Amino acid sequence: MIREMQEKLSREIDQLSHELNILLPQAIAQAVELGDLRENSEYKSALERQQFVQARLGQLHQRLNQLGQLANTEAPTDKVGLGSRVTVLDLETNDTDTYVVVLAEMMDIDADHISLASPLGRALGGRKVGEEVSLRLPTATRSLRILDLVTVHQSEAAGEGNGETKPSTKGKRKVGKANGKR
């Protein structure tokens, strides 16, 4: 999962570097040829884009560095962590939900992904099977029990790839964005 995110960031860095070093200098040179730079919207636009690309490249390099550090830390083998697939029971409604814990950049609500930074991700992070958690939301409080956990290590050992798994929908209640339970 981390490797996939690093590759995605590297591709964006390559594209923006090409734009910064090749395309934008050409656009600026063409704008300069048009004459008076004080009233030249093409020149101003190219400079603004250049500043944006430089700032975005700085963000991407910083995030890539953070991912490198995250890759060097070991994911828990028996607790909810990055790459885990966790099944929880809502103690009030007896409904079960299965989530995959991912990085914020890889979130896909339709695939039942949750971020470690989300309220649910923070509540579940570092917990084990059988533990109960209380999740305070703006409109309600949810009490959940962890029923099942497949860590990223177990997924890789089972040959499921890079830790991204498709959650089971058996006996599962679909949680939509509108009800605010994420």
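Here the structure is a predicted model, which is why all the values come from computation and not from measurement. Heavy-atom basis, side chains included; hydrogens, waters and symmetry copies ignored.
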Would you say [X]'s side chain and [Y]'s backbone share a donor-acceptor pair under 3.5 angstrom?
| X | Y | value |
| --- | --- | --- |
| R122 | A117 | yes |
| K44 | R38 | yes |
| N21 | S17 | yes |
| S10 | Q6 | yes |

Side chain proximity check, [X] to [Y], heavy atoms < 4.5 angstrom:
| X | Y | value |
| --- | --- | --- |
| Q50 | E19 | no |
| E12 | L16 | yes |
| Q54 | L57 | no |
| K128 | D78 | yes |
| V88 | R145 | no |
| K8 | R11 | yes |
| T141 | S134 | yes |
| I13 | L64 | yes |

Problem - Within 6.0 angstrom of E39 CD, more than 12 heavy atoms from elsewhere - result: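 Not buried by this count: 12 neighbours or fewer within 6.0 Å.
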
When rounded to the nearest 0.5 angstrom, what distance separates [atom1] in [X] from [atom2] in [Y]?
| X | Y | atom1 | atom2 | answer |
| --- | --- | --- | --- | --- |
| R63 | R56 | CZ | CZ | 10.5 Å |
| Y43 | L34 | OH | CG | 12.0 Å |
| Q62 | L9 | CD | CG | 11.5 Å |
| Y99 | S118 | OH | OG | 9.5 Å |
| L82 | T151 | CG | OG1 | 11.0 Å |

Practice task
Please list, chain by chain and in numerical order, all residues satisfying side-chain contact (heavy atoms from CB on, under 4.5 Å) with D148, sequence neighbours excluded.
Solution key: T87, V150

Practice task
Would you sort out whether R127 and E132 count as a salt bridge (Lys or Arg N to Asp or Glu O under 4.0 Å), showing the intermediate values?
Solution key: CA-CA 9 Å; R127 303 295 183 137; E132 294 182 7; over 6 Å; no

Handout entry: Apart from L147 itself, residues in the same hydrophobic cluster as defined by side-chain heavy atoms under 4.5 Å
Key =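 Listed partners: L89, L91.
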
Exercise for the section: Could you tell me which non-hydrogen atom of K79 sits nearest to which non-hydrogen atom of L149, and how far apart they are? Expected result: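 Nearest pair, atom of K79 first, then L149: C-CD2, 3.6 Å.
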
Handout entry: Exercise: identify the closest heavy-atom pair between G35 and N40
Key = O-ND2, 4.1 Å

Exercise for the section: Determine whether L144 and V129 fall in the same hydrophobic cluster, where Ile, Leu, Val, Met, Phe, Trp and Tyr are linked whenever their side-chain heavy atoms lie under 4.5 Å apart. Expected result: yes

Exercise for the section: Treat each ILVMFWY residue as a node, draw an edge where side-chain heavy atoms are under 4.5 Å apart, and state whether I146 and L135 are in one component. Expected result: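 Yes, same cluster.
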
Completion exercise
Result for side chain to side chain contact (heavy atoms under 4.5 Å, CB included) between L120 and one of I114, V86, L137, V133 points to I114

Exercise for the section: State plainly whether the residues D112 and R85 are in salt-bridge range, i.e. N to O under 4.0 Å. Expected result: no

Practice task
Could you check L24 against V53 for side-chain contact (heavy atoms from CB on, under 4.5 Å), going step by step and ending with a plain yes or no?
Solution key: CA-CA 10 Å; L24 284 172; V53 169; 4.2 Å; yes

